[in-house]
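Here's the structure we're looking at; comments come further down.
Proteins get letters first, then strands, A, B, ... in listed order; numbering begins at 1 in each. Computed over heavy atoms, backbone and side chain alike; hydrogens, waters and symmetry mates excluded.
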Protein chains: 2
Amino acid sequence: MKRVTIKDVAKRANVSTATVSRVVNGIGTVTDDNRDKVQTAIKELNYFVNTTASNLKKNSSNVIGIVIPTFTNEYFMELIKGIEDSFVYSEYVFYIASSKDDLDKEKEILQKFRESNVEGVILLTIGGNESFIQELLKMNMKIISVERRVEIDGGIDFIGENNVEAAYELTKKFLSEIPYRDVVLLGGYEELSIGHERIEGAVKALQEKKQEYTYLNGHFNAKISEEIFPDIVTRYPNGCGIISLNNTMTEGVIRAIHRDEEKDYSSKYPVASYGKIKFQSIFKNNIIASVRQYPYQIGVEVSNRLQNKIDGNASETVTKLIRNTID
Amino acid sequence: MKRVTIKDVAKRANVSTATVSRVVNGIGTVTDDNRDKVQTAIKELNYFVNTTASNLKKNSSNVIGIVIPTFTNEYFMELIKGIEDSFVYSEYVFYIASSKDDLDKEKEILQKFRESNVEGVILLTIGGNESFIQELLKMNMKIISVERRVEIDGGIDFIGENNVEAAYELTKKFLSEIPYRDVVLLGGYEELSIGHERIEGAVKALQEKKQEYTYLNGHFNAKISEEIFPDIVTRYPNGCGIISLNNTMTEGVIRAIHRDEEKDYSSKYPVASYGKIKFQSIFKNNIIASVRQYPYQIGVEVSNRLQNKIDGNASETVTKLIRNTID
DNA sequence: TTGTAGGCGTTATCAT
DNA sequence: ATGATAACGCCTACAA
């Protein structure tokens, strides 16, 4: 079955393809009479536009590419929701691709985005593709880096959190509530901004309070953190404060704490968490301080920024930090 | 800055565009000498293919469209991961669009997919677009319905769970562990297969055991279910069994149960849950029976099926049910 | 207001 | 093995 094209419609309606195109796109001038004829022809033939052809001609794509490290992450999903909900140009569509925490895969995706003429890219990088990204920027691709900074000469738009500040405030609050304790700092992802910035903030607060601490790497991973907990207990059998710099790690710690029901770890191992976890209110005896994050809000900002860029109102490179709150 | 095209490369390499195309696509016959010339020209000019033009010519798109009701749902994300991980044709790319539980939006998305010539559609429907979907099927669009059935003449591929069976087994197990109790059946989404099939299975088991029950509608929603719980307590102050037919509702119930710490609801309101929740092991005193779901596995099956369809090895309409397990 | 026709960048047929 | 060239379906000067 051959595809119905603008030509078929034109023939049926006894007008030219140009007129059909005008009707379809709602631009230019067409008499009501002709418009009617075209519209009925469209209905009769069941015509719909071929976006590929249209895009080729217009040198556009109406596609926004989004790169995330993984699909199974609530933070990222909230972020995407924020983008989606506030993106008003309805003709656009989102590619979403997962780099699977792999920098080669990330590069592949970006390359594919370039080949498909995407109008904009929203990138949550896994790191390591800086030079390639720079090349893309040079060709005027509209890229916004989100949550994780891309360290690049000349800069790149960035929207994310103030990790340093939030980790600092979290730690300060935590220390004021559990004085005279040993402290474990549970971090990870040091090669990414979300990793080292949080460490920086926490350490700053620890040093200000002259608080000694042990640093452990939980790799922003629930399982690893859960398995680390027994080591913490061995090292500090009388208890210690745990500062978890990511909610996934907090999840692992909480699971470990509740593994042995009879032992009451709640009071002995108070936790500070950068980020909330599910059922946080139920674990309020364990988690006595936490950073609330606003991924949805970040998504909204990303969306606004991208729309500005698409409209050409974005000459300067911009960095925007969304403020977290401490509970 | 003008785009570098195959023509520019041809000129630079002193060959025809046809030869360049052959090199780029690795088909046809080219001498090593010419291949080298073309490849260096490509590097020098920083050429990359224009997928839009290529697609127009080839009448393809290399795009798989996925429609989900919302991004913020772990089940869907696991499903997508399963699809992604097992989809081997690397030249393909996924559009993922959220219908936001809105049937008009779903239709819009499907229409856009059609206009973009997507090669296949994976649809988690919200219901109500049956006739439009049928129209798409008539034009030979490759659509696989997932998790939620699309009731359509002539049938449509479906991959999902055996909701009736799983709900039946869950209920049977639950009743055998809490005999002589009152029971609340917490359901929802009755207009979708995931809603009414689970009710059907649960009711079957209840009737077999001659167990009376009260049906409440929690709309597969955590908040609503959390708010329903006090009503349950009022109605059954001495306790009752709660069969929650969806994990989001279970989440709400668990939250409500743990709201008042002093009241020990755990033993008085045992829960059966269709689907797991986070920290399930911590709540094992509350949730005494549950259905384990395999969204990732469903994704894998969807991916396999779609690849078969793309390869043309899929004449018959297929229904495949992935077996759940009961814990 | 309408129609003609060229071209977007690529692929693929058909000569050579 | 290679090149010339006609599409793919649409948009848009430009002319009428």
Side-chain angles (χ1 to χ4, degrees), chain A residues 1-39 41-42 45-63 91 111-112 114-119 139, chain B residues 1-39 41-42 45-63 91 111-112 114-119 139:
Chain A
M1 192 163 56
K2 226 187 125 300
R3 168 168 204 126
V4 178
T5 76
I6 215 175
K7 268 191 197 165
D8 303 317
V9 176
K11 197 178 296 175
R12 178 84 162 216
N14 274 316
V15 296
S16 72
T17 60
T19 300
V20 176
S21 178
R22 286 185 194 109
V23 171
V24 169
N25 295 295
I27 54 179
T29 50
V30 186
T31 56
D32 289 354
D33 186 36
N34 270 340
R35 187 187 321 281
D36 280 354
K37 285 199 291 185
V38 169
Q39 275 164 347
I42 285 176
L45 297 175
N46 213 349
Y47 166 82
F48 54 91
V49 68
N50 182 329
T51 307
T52 308
S54 168
N55 283 340
L56 175 62
K57 178 64 197 179
K58 294 196 290 192
N59 189 31
S60 69
S61 69
N62 291 343
V63 169
E91 67 273 26
Q111 172 64 14
K112 198 150 273 178
R114 169 158 77 166
E115 291 173 358
S116 330
N117 279 320
V118 301
E119 312 259 331
M139 333 187 43
Chain B
M1 190 163 59
K2 225 187 124 300
R3 169 168 202 127
V4 178
T5 75
I6 215 173
K7 272 189 195 165
D8 303 317
V9 176
K11 198 179 294 174
R12 177 85 161 216
N14 273 316
V15 295
S16 71
T17 59
T19 299
V20 176
S21 178
R22 286 184 194 108
V23 171
V24 169
N25 295 295
I27 54 180
T29 50
V30 186
T31 57
D32 288 355
D33 187 37
N34 270 340
R35 188 187 319 280
D36 281 354
K37 285 199 292 184
V38 169
Q39 276 163 346
I42 285 176
L45 297 175
N46 212 350
Y47 166 81
F48 53 91
V49 68
N50 181 329
T51 306
T52 308
S54 170
N55 283 341
L56 174 61
K57 180 63 196 175
K58 293 197 291 194
N59 189 29
S60 70
S61 70
N62 292 341
V63 169
E91 67 273 25
Q111 172 64 13
K112 199 151 273 180
R114 171 158 76 165
E115 291 173 359
S116 325
N117 277 321
V118 299
E119 313 258 333
M139 331 188 43

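In this structure, A:Tyr47 and A:Val24 approach most closely via the heavy-atom pair CE2-CG2, 4.1 Å. A:Ala10 and A:Ser16 make their closest contact through CB-C, 3.7 Å (heavy atoms, listed as atom of the first residue, atom of the second, distance).
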Q: Go through the steps for A:Asn34 and A:Val23 under the test side-chain contact (heavy atoms from CB on, under 4.5 Å), then give the verdict.
A: CA-CA 9 Å; A:Asn34 270 340; A:Val23 171; over 6 Å; no
Q: Could you walk me through whether B:Arg35 and B:Asp32 pass side-chain contact (heavy atoms from CB on, under 4.5 Å), step by step?
A: CA-CA 5 Å; B:Arg35 188 187 319 280; B:Asp32 288 355; 4.3 Å; yes
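Within the 4.5 Å cutoff, no side-chain heavy atoms of B:Phe48 are placed close to those of A:Lys112. Contact annotation: the side chain of A:Arg12 never approaches that of A:Val4 to less than 4.5 Å [non-hydrogen atoms, C-beta and beyond]. With contacts defined as side-chain heavy-atom distances shorter than 4.5 Å, the pair A:Asn117/B:Asn50 qualifies. Considering only heavy atoms from C-beta on, A:Thr52 stays 4.5 Å or farther from A:Leu56 through its side chain.
In this structure, the side chain of A:Asp8 engages the main chain of A:Thr5 through a donor-acceptor pair within 3.5 Å. Judged by distance alone, with hydrogens and angles left aside, the side-chain atoms of A:Glu119 form a donor-acceptor pair with the main-chain N or O of A:Ser61 at under 3.5 Å.
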(Q) For a quick check, with a 4.0 angstrom heavy-atom cut-off, what is the B/S/- contact string for nucleotides 7-16 of chain D, read 5' to 3'? (A) BBBBBB----
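You can see that DNA chain C meets the heavy atoms of chain A within a 4.0 Å-exclusive cut from C:dT1 to C:dG9, reading 5' to 3'.
Counting only Watson-Crick or G-U wobble pairs whose defining distances are both under 3.5 Å, the stems of 3 or more consecutive pairs in DNA chain C are C:1-16 with D:1-16.
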